[in-house]
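First the structure, in the form of structure tokens, and then the observations on it.
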Protein chains: 2
Amino acid sequence: MDGDTRTAIRDVALELFSTKGFEQTSLREIAERVGLTKASLYYHYSSKQDLLLSIVDPLIAGWRQIAEDVEELARSRESVRLVLGRCLDVMLANRAVALIFMQDPAGLVAAASAVWEDLVEQGQRLNTWLAGPDSSTAQRLRAMAAFEVIRSALGASIYLGEVDDDEMRAVLLDAAMAVLDQR
Amino acid sequence: MDGDTRTAIRDVALELFSTKGFEQTSLREIAERVGLTKASLYYHYSSKQDLLLSIVDPLIAGWRQIAEDVEELARSRESVRLVLGRCLDVMLANRAVALIFMQDPAGLVAAASAVWEDLVEQGQRLNTWLAGPDSSTAQRLRAMAAFEVIRSALGASIYLGEVDDDEMRAVLLDAAMAVLDQR
DNA sequence: GTCTATAGTGGGATAGAC
DNA sequence: GTCTATCCCACTATAGAC
């Protein structure tokens, strides 16, 4: 009955991965904080990569869901706003996990290239949809920029201190839409 | 008369750091590509960190210059656009270097925390100026988002393939201004 | 489930010959 | 300036006792 230890490990790892980066966090340090030895971790997770994947999974899932739903969604100004809002929500709901990807992309590619490539692919599907039928370079640039605006929610807590999520949501969504509206 | 070897090392290191990440690049690999042994690198650079700093220097300098100039610049719509344009130019002129910071922030913090903290500080000075006298949370969020729009220029070459720099400059500047104009 | 002990690898860095 | 040889260390991961 020790799903407890397993989640304790997961929680500590999440915190360290998201603050120090994946490569910069050693299993020794994780074990120490949980109050175990390094070896014991391997009873619960078969490798460092396994631990990473189990942490990263919910974000990937939410992400893929959006990318899939979007394909059968008529593109209108409102639906675009809705989709961007969902992106924001998924990111905020998995804030710490998302931070891992920002802290050490290179480390993630090295440790789990499949996950990374998956993420990139979903991102491109979304970008294509966001850009819309007018797939000029300019419009694809705007779609990318709009998405960066959404993604900046992750940096806010770091660079701006405590920010109310609802206010941030409103401001960033408006900003992203303003970017896409430029034609 | 071997400033040549020194720059050859620098060039190879820059390419590897910016594509694979700083931590993921070993001195062995750099040496191999240059056609030297690991030990020989140490004749030219006293450490891996030394090598990194010499590579990263021009970007930091350009950056700091902007942050300094800005402080004695009256804030108007035109001057804001000018400053954002300079930010974009510095980033494009040091594209590969800037990519290092995106590939592996955590690794950079670990290897050269002083540089990173410096960068963050300059960024905050700039953000404050960009946000302007109305320093509401919303306006600071917009300043951050606008800056992310500019920064997205770095991802463009990766995710969108070849993009004309002039067009990108125009599109992203307009987009960033649109974000700041939201009130 | 957790431990001690250790294998095995690869990294940054140094010594000293040439 | 470049080499060979080596040191030292930290890490992931495994073996096997309890």
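So that the names make sense, note that chain A is the first sequence line, chain B the second, and so on, each numbered from 1.
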### Query
Within the structure shown, what part of the strands sits under 4.0 Å from A:Ser40 by heavy-atom distance: base, sugar-phosphate, or nothing?
base
### Residues from residues 44-56 of chain A lying under 4.0 Å of DNA chain D - heavy atoms
A:Ser47, A:Lys48
Atom-to-atom span, [atom1] of [X] to [atom2] of [N] - whole angstrom:
{"X": "B:Asp4", "N": "D:dT2", "atom1": "CG", "atom2": "C1'", "result": "16 Å"}
{"X": "A:Ile30", "N": "C:dT2", "atom1": "CD1", "atom2": "C1'", "result": "17 Å"}
{"X": "B:Tyr43", "N": "C:dT14", "atom1": "OH", "atom2": "P", "result": "16 Å"}
{"X": "B:Ile9", "N": "C:dG12", "atom1": "CD1", "atom2": "P", "result": "14 Å"}
{"X": "A:Glu23", "N": "C:dG10", "atom1": "CD", "atom2": "P", "result": "14 Å"}
{"X": "A:Tyr42", "N": "C:dA7", "atom1": "OH", "atom2": "C1'", "result": "13 Å"}
{"X": "B:Arg6", "N": "D:dT2", "atom1": "CZ", "atom2": "P", "result": "13 Å"}
{"X": "A:Gln24", "N": "D:dC11", "atom1": "CD", "atom2": "P", "result": "11 Å"}

Given [options], identify the nucleotide with an atom nearest to the side chain of [X].
{"X": "B:Arg28", "options": "C:dG11, D:dT12, D:dC3", "value": "C:dG11"}
{"X": "A:Leu27", "options": "C:dG12, D:dT4, D:dA13", "value": "D:dA13"}
{"X": "A:Lys38", "options": "D:dA13, C:dT2, C:dG12", "value": "D:dA13"}

### Task
Would you tell me if any nitrogen or oxygen in the side chain of B:Thr37 comes within less than 4.0 Å of OP1 or OP2 on D:dT2?
no
### Query
Does B:Thr5 place a side-chain N or O at less than 4.0 Å from the phosphate oxygens OP1/OP2 of D:dT2?
yes
### Query
Take atom CD in B:Glu162; do more than 12 heavy atoms of anything else shown fall under 6.0 Å from it?
no
Could you tell me whether [X] and [Y] make a salt bridge, using a distance below 4.0 angstrom between a side-chain N and a carboxylate O?
{"X": "A:Arg95", "Y": "A:Asp165", "answer": "yes"}
{"X": "B:Arg81", "Y": "B:Asp174", "answer": "yes"}
{"X": "A:Arg125", "Y": "A:Glu68", "answer": "no"}

### Task
Would you please classify the geometry between the B:Trp116 ring and the B:Phe101 ring as parallel, tilted or perpendicular, with 30° and 60° separating the classes?
parallel
#### Entry: Cluster check A:Trp63, A:Leu82: I/L/V/M/F/W/Y, side chain < 4.5 angstrom
no
### Task
Determine whether A:Tyr43 and A:Ile9 fall in the same hydrophobic cluster, where Ile, Leu, Val, Met, Phe, Trp and Tyr are linked whenever their side-chain heavy atoms lie under 4.5 Å apart.
no
